[in-house]
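First up is the structure itself, then whatever we jot down about it.
These numbers come from a predicted model, not from an experiment.
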Amino acid sequence: MLTAARELFAERGYERATVRDIAARAGVNQALLFRHFGSKRALFGEAVAHSGLEQLRTTPPDRLVEAVLAGLLAPQPGREGHGDGAGRSLETLLRSVGAQDEVSAAIASLGADYARVLATLSDTEDRALRADLALAWLLGIGLMRVVIRKRPLAEADPAEVERLVTAALAHLLEGPHT
């Protein structure tokens, strides 16, 4: 069920992916989805969390920043709602933060997991703070590029953005001890 949900949310975005279509792709009925997840928003939260946990499980810590950036810098959807599914999912995810519901709880938990992995890249006493700052910056890049579509970031060459961000984050995570 989660695989079908992730695929449809990525293909269509949150708004256009229906529970009926997700259930059909999964080969189950809608009632089963609602029994397991409670709502479409909760299903989305689980699908996003599962994808993030999979990224954490399969990505070596020293490659995590690059993997996150690759997702953030993927081609973005157009204003009319068409485009890359990952960008649409990220936009929905970022717009959902702070809603005090299942999606927000899943995002908070996932953020803590990402911060724990990022903290392993630093041997400083304040590594947890540095990891939170790195994560906040990555999410801010996503917000500015995907949701707000701030220029020049929204139109910047992904390789150039990755080069600049990885250099700065390397300094933050591995940089001088304070």
Side-chain angles (χ1 to χ4, degrees), residues 1-19 21-28 32-77 83-99 101-122 127-128 130-143 145-147 158-159 161-162 165-166 169-170 173:
M1 290 185 286
L2 281 175
T3 300
R6 280 193 315 274
E7 290 171 356
L8 279 171
F9 286 134
E11 290 170 16
R12 301 179 185 174
Y14 178 80
E15 298 84 12
R16 293 186 5 224
T18 67
V19 173
D21 291 341
I22 293 168
R25 184 170 289 188
V28 301
L32 184 62
L33 278 177
F34 283 115
R35 189 173 327 130
H36 280 287
F37 300 102
S39 68
K40 180 180 173 181
R41 285 183 59 78
L43 175 59
F44 177 77
E46 285 292 322
V48 168
H50 186 273
S51 296
L53 291 172
E54 183 66 16
Q55 183 177 52
L56 286 171
R57 188 183 69 72
T58 60
T59 306
D62 62 333
R63 303 295 303 160
L64 186 59
V65 168
E66 290 87 351
V68 170
L69 281 170
L72 292 174
L73 300 173
Q76 301 306 310
D84 178 69
R88 299 266 310 144
S89 293
L90 178 63
E91 182 172 1
T92 304
L93 174 94
L94 290 171
R95 289 184 188 277
S96 299
V97 172
D101 62 8
E102 311 92 343
V103 174
S104 193
I107 294 166
S109 176
L110 184 60
D113 292 337
Y114 271 85
R116 274 192 291 281
V117 172
L118 290 170
T120 67
L121 300 175
S122 179
R127 66 182 148 271
R130 290 171 185 250
D132 278 353
L133 289 169
L135 183 60
W137 194 26
L138 291 169
L139 288 173
I141 291 167
L143 177 69
R145 183 174 172 94
V146 175
V147 177
V161 174
E162 182 177 340
V165 171
T166 55
L169 285 179
L173 293 169

Inset, instruction - Specify the closest pair of heavy atoms between L43 and L2, including all atoms of both residues, with the distance to one decimal. - result: CD1-CD2, 4.1 Å
Inset, instruction - For the residue pair L138 and Y114, establish whether any side-chain heavy-atom pair is separated by less than 4.5 Å. - result: no
Legend entry - Residues forming a salt bridge (Lys or Arg N to Asp or Glu O under 4.0 Å) with R35, sequence neighbours excluded: none
Legend entry - Minimum-distance pair of heavy atoms, taken over all atoms of F9 and F44: CE1-CA, 3.6 Å
Legend entry - L173 CG to R127 CZ distance, which is reported to the nearest 0.5 Å: 11.5 Å
Legend entry - salt bridge (Lys or Arg N to Asp or Glu O under 4.0 Å) against D113, all qualifying residues, sequence neighbours excluded: R116
Inset, instruction - Would you mind listing every salt bridge (Lys or Arg N to Asp or Glu O under 4.0 Å) that reaches into residues 45-56, with sequence neighbours excluded? - result: E54-R57
Legend entry - Spacing of D21 atom CG and E7 atom CD [to the nearest 0.5 Å]: 12.5 Å
Inset, instruction - For P61 and T120, work out which heavy atoms get closest and say how close. - result: CB-OG1, 3.8 Å
Legend entry - Where A134 and L118 come nearest, the two heavy atoms and their spacing: CB-CD1, 4.3 Å
Inset, instruction - Report yes if some heavy atom in the side chain of W137 is under 4.5 Å from a heavy atom in the side chain of V65; otherwise report no. - result: no
Inset, instruction - Report yes or no: does S122 contribute a side-chain atom to a donor-acceptor pair with the main-chain N or O of A119 at less than 3.5 Å? - result: no
Inset, instruction - Any chance you could measure R63, atom CZ, to T58, atom OG1, to the nearest 0.5 Å? - result: 12.5 Å
Inset, instruction - Measure the spacing between CZ of R25 and OG1 of T3 and express it to the nearest 0.5 Å. - result: 10.5 Å
Inset, instruction - Verify side-chain contact (heavy atoms from CB on, under 4.5 Å) between L73 and R145, making sure each step is shown before the conclusion. - result: CA-CA 8 Å; L73 300 173; R145 183 174 172 94; 3.7 Å; yes
Inset, instruction - Work out which heavy atom in L135 is nearest to a heavy atom in G111; give both atom names and the distance. - result: CD2-O, 3.3 Å
Inset, instruction - Determine the minimum heavy-atom distance between A115 and D132, stating which atoms define it. - result: CB-OD1, 3.4 Å
Legend entry - Value rounded to 0.5 Å, distance of CG in L133 from CZ in R130: 9.0 Å
